[in-house]
Structures are given as structure tokens and as C-alpha cells.
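Structure first, commentary second.
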Amino acid sequence: MSANSRITNAYENAFCLPLNPSSKYVLFSDCHRGTGRSNDNFLKNEYLYLAALKYYFSHGFTYIELGDGDELWENRSMCPIREMHAQSFELLSRFYAKHRFYAVYGNHDITKRSAHFSGRCFSSCFCWQEQCEIPLFPEITFYPGIILKDCAKRKDLFLLHGHQSDLLNSTFWRLSRFLVRYVWRPLESLGIPDPTSAAKNHTKKNTTEKKLSAWAKQHELILIAGHTHRPVIGNRTSPYCNTGSCVSPAGITAIEIENRCMTLIKWSQGTRSDMCLQVLREPLGSPLCIDDFL
């Protein structure tokens, strides 16, 4: 099956959500929540992530996670990940309880597509404040893709992780997981990057983005993905966008969708005039209206 066919298959099996002028969505990808060890790249940015989640919850946004939320290639079990990032999961459970949390799976958390796995690992989590188990995402489904269906019937948005463009990270994901878990993970501790990763290999990154952009043009849709970790807001000639990631040393990025417009947002650490540290929410450019793609 070609990359084009794999992306199309994700589109045909996608879950639909409405897109109208009152819709408020925030899209994150590639959190790679880990177990708190040296390879847990999410840990150093978790305080930014928590601040962002609190902001989006209080401002009425629906949270959509575009894959690789949890690092399940380097780590065998979900339990230590949930325990390490209990605060993040508690906040996400609040979104879910309000029917404001949806997620697709990526290559690093592709096991979430199994109903048995998601039911066993995401039905509840431990709340440190209450000192008891609380519902997490009971009966959740992780989708191959999500379509934001334009109620005005002008331009739909297709959301997916993006690993479908890469044969090694989709069809042969078990081989890739084996290589990451037992070969590249120990080598990376010595400073040798994983050459199979679209996030770390610029040639693969460019190839992945070209395939995703070509598919979006062919199907006349706006496509928003993750996977490459490179934040992008497209335009009429290139209807491909990317949320970036939550593991960059410079901060975390997301795409906000509000009033039928998309804005690329960066959350980072800054200093106030009184020298106190603060969390900054910074738009990276002007909002891009969906109708601009017509």
C-alpha cells in the first residue's frame, strides 16, 4: 500500500466533529509523555503544558491530540507514564468528562488503536489530591484520523498524526519499535540520532511533509498533522499544517482553531519586569482564516 493509500485509508475511517463559527479547538501533538527518566523529553516542558491545559479548559476549547501523546515505543507499559504525569492526565480527564477530549494515534502510541489496550490502560488513573482512582477516559476510542466537518460546506479539515506517509513507521511499525527500543535508544544516549525518525532526520522530515502536502492538494482539504515536530501553518498553495511538538527545548506549540481561523501558538517561559518567571502564550504569526484556502 502506497503512502497516498494509507493516508486515504485514515481519512475514510476518520471520526467527524463539527466545525462552525462557534467551534473552539486546540490541537497538540507529539507530547511523548514518558516515565520521568533521562529520555522523557516531555518532563522538562510539563509545567508549560499544564499551564496551557488550564488556559484552554477555562476558555472553552476542545482538546484534540494528534498522536504520539505517550511514548510507548521506548516504554513497554502505560502505568509508569500515567503515574509520572498524573497532573496532566487529571486535567485531560476533566476535558474528557466534558466531552472535550479527542485523540488520534501515532506511530509511537499505535497500540492505542486496540480497544482492549485502551480499555485496560485508560479507564482510570490515580488522583494524588483525592488519594484514590478516578475515571480517566472510560470507553475512549483513539482514531486513525479526525475530520472537522465544515458546517458551511466550504472547507473541511483533516487531522491525523502523519506517520502514514512513512512505510517504516506505519506498515512496518513493529520493526521500527524494536529498533527504537533496543538499538537507537541506547545509541542516542551516546549522541547518535535515530536516522529513521522524521523528527530528527531532515531528509525524512522534508519527504514526509511533501507527501502530506501533495495529498491535501489532491483532495482539496486542509490537512493538519504532527509527526515531524516542525510547526507549520500552510496557505492556499500548500494546505498542509503541523502542530509542532511538546518536546522542543524552546517550548511547546499548538494550533488553535477559533472563529473559523487557525493560529499557531507557542507556549514558553519568560521573565516579567520584576524578574519573576512566567509562562508566555505567543501567537506565531497572524490568524489564518479557513476561507483563505478557498
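Each residue takes its place number in the sequence, starting with 1.
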Tell me whether His85 contacts the main-chain N or O of Gly34 through its side chain, where contact means a donor paired with an acceptor under 3.5 Å. yes
For the residue pair Ile255 and Thr263, establish whether any side-chain heavy-atom pair is separated by less than 4.5 Å. no
Are Phe15 and Leu148 co-members of a hydrophobic cluster defined by side-chain heavy atoms under 4.5 Å apart? yes
Partner of Arg33 under salt bridge (charged side-chain N to carboxylate O under 4.0 Å, His left out), chosen from Glu65, Glu46, Glu71, Glu74: Glu65
Donor-acceptor contact below 3.5 Å, side chain Gln218 vs main chain Ala216: no
Is a side-chain donor-acceptor pair under 3.5 Å present for Glu258 with Tyr25? no
Do you know which of Leu157, Leu160, Val104 makes side-chain contact (heavy atoms from CB on, under 4.5 Å) with Ile146? Val104
Would a hydrophobic clustering, with Ile, Leu, Val, Met, Phe, Trp and Tyr connected at side-chain separations under 4.5 Å, put Ile140 with Phe89? yes
Should the ring pair His219 and Tyr11 be called parallel, tilted or perpendicular, given that the plane angle runs from 0 to 90° and is split at 30 and 60? tilted
When you measure from the side chain of Ser29 to the backbone of Leu66, do you find a donor-acceptor pair of N or O atoms at a distance under 3.5 Å? yes
Main-chain N/O of Asn41 paired to Lys44 side chain as donor or acceptor, under 3.5 Å: yes
Hphob cluster co-occupancy, Tyr96 + Phe57, side-chain heavy atoms under 4.5 angstrom: yes
Go through the steps to decide whether Phe122 and Lys112 satisfy the test side-chain contact (heavy atoms from CB on, under 4.5 Å), and finish with yes or no. CA-CA 9 Å; Phe122 294 103; Lys112 290 178 179 177; 3.6 Å; yes
Judged by atom type as modelled, is there a donor-acceptor pair below 3.5 Å linking the side chain of Asn107 to the main-chain atoms of Asn169? no
Under 3.5 Å donor-acceptor, Ser170 side chain and Asp166 backbone: yes
By side-chain contact (heavy atoms from CB on, under 4.5 Å), Asn235 pairs with (sequence neighbours left out) Thr237, Ser238
For residues Pro80 and Asn75, determine if any side-chain heavy atom of one lies less than 4.5 Å from a side-chain heavy atom of the other. no
Specify whether Tyr56 and Phe61 have parallel, tilted or perpendicular ring planes, treating 30° as the upper limit for parallel and 60° as the lower limit for perpendicular. perpendicular
Mind listing the closest non-hydrogen atom pair of Cys31 and Phe42 along with its distance? O-CB, 3.1 Å
With hydrophobic residues grouped by side-chain heavy-atom distances under 4.5 Å, do Met262 and Leu264 end up in a single group? yes
Interatomic spacing from NE2 in His32 to CG in Asn45 - rounded to 0.5 Å: 12.5 Å
Pair Asp291, Lys155 - check salt bridge (charged side-chain N to carboxylate O under 4.0 Å, His left out), show working. CA-CA 7 Å; Asp291 292 335; Lys155 202 72 165 180; over 6 Å; no
Quickly, which of Asn206, Asn242, Thr208 forms a side chain to side chain donor-acceptor pair (under 3.5 Å) with Thr228? Name it, please. Asn242
Before giving the answer on side chain to side chain donor-acceptor pair (under 3.5 Å), spell out for His227 and His161 the whole-Å C-alpha distance, their side-chain angles and the decisive distance to 0.1 Å. CA-CA 6 Å; His227 190 51; His161 181 62; 3.3 Å; yes
Show the nearest heavy-atom pair for residues Pro135 and Ser93, with the distance to one decimal. O-CB, 3.7 Å
Looking at every non-hydrogen atom in both residues, tell me the closest pair between Pro138 and Ser123 and how far apart they are. CD-O, 3.9 Å
May I ask you to decide if Asp30's main-chain N or O and Ser245's side chain share a donor-acceptor pair within less than 3.5 Å? no
Kindly determine whether Ser2 and Ser5 satisfy side chain to side chain donor-acceptor pair (under 3.5 Å), including the steps that lead there. CA-CA 5 Å; Ser2 67; Ser5 298; 3.1 Å; yes
Is there a path of hydrophobic side-chain contacts, each under 4.5 Å between heavy atoms of I/L/V/M/F/W/Y residues, joining Val232 to Leu284? no
Using side-chain heavy atoms (C-beta onward) and a distance below 4.5 Å, is Arg230 in contact with Glu209? yes
Has Asp70 got a side-chain atom pairing as donor or acceptor with Leu72's backbone, closer than 3.5 angstrom? no
Carefully, step by step, assess Asp156 and Lys149 under the rule salt bridge (charged side-chain N to carboxylate O under 4.0 Å, His left out). CA-CA 5 Å; Asp156 294 342; Lys149 201 74 176 174; 3.2 Å; yes
Start with the C-alpha distance between Leu136 and Glu90, add both sets of side-chain angles, then the distance that settles side-chain contact (heavy atoms from CB on, under 4.5 Å), and finish with yes or no. CA-CA 7 Å; Leu136 182 54; Glu90 285 178 40; over 6 Å; no
If you count heavy atoms of other groups shown closer than 6.0 angstrom to CD of Glu282, is the number above 12? yes
What closest approach, in Å, do Ala152 and Arg260 show between heavy atoms, and which atom pair accounts for it? CB-NH1, 4.2 Å
Does Arg100 count as lying over the ring of Tyr63, i.e. NZ or CZ under 6.0 Å from the six-ring centre, within 45 degrees of the axis? no
Result for side-chain contact (heavy atoms from CB on, under 4.5 Å) between Ser118 and one of Tyr105, Phe142, Phe137 points to Phe142
Does a side-chain heavy-atom distance below 4.5 Å link Val279 with Trp267? yes
So, do Leu53 and Leu92 sit near enough that their side-chain heavy atoms are less than 4.5 Å apart? yes
Interatomic distance, Phe117 atom CZ to Asp109 atom CG [nearest 0.5 angstrom]: 8.5 Å
Grab the two heavy atoms, one from Leu27 and one from Thr243, that are nearest each other, plus how far apart they are. O-CG2, 3.6 Å
CZ of Arg181 to OG of Ser176: how many Å apart, nearest 0.5 Å? 12.0 Å
Donor-acceptor pair, Ser23 side chain versus Asn20 backbone, under 3.5 Å? yes
Applying side-chain contact (heavy atoms from CB on, under 4.5 Å) to Leu288 and Phe293, what does each step give before you reach the verdict? CA-CA 9 Å; Leu288 183 64; Phe293 286 84; 3.3 Å; yes
Under the criterion side-chain contact (heavy atoms from CB on, under 4.5 Å), which of Phe95, Phe101, Tyr102 is the partner of Thr62? Tyr102
Can you check side chain to side chain donor-acceptor pair (under 3.5 Å) on Ser165 and Trp215, steps first, answer last? CA-CA 10 Å; Ser165 63; Trp215 189 93; over 6 Å; no
Tell me whether Asn13 contacts the main-chain N or O of Asn9 through its side chain, where contact means a donor paired with an acceptor under 3.5 Å. yes
Of all the heavy-atom pairs spanning Gly60 and Lys24, show the shortest one and how long it is. O-CB, 3.9 Å
Just do the salt bridge (charged side-chain N to carboxylate O under 4.0 Å, His left out) check on Glu256 and Arg281 with the steps written out, would you? CA-CA 12 Å; Glu256 295 177 4; Arg281 173 187 168 275; 2.9 Å; yes
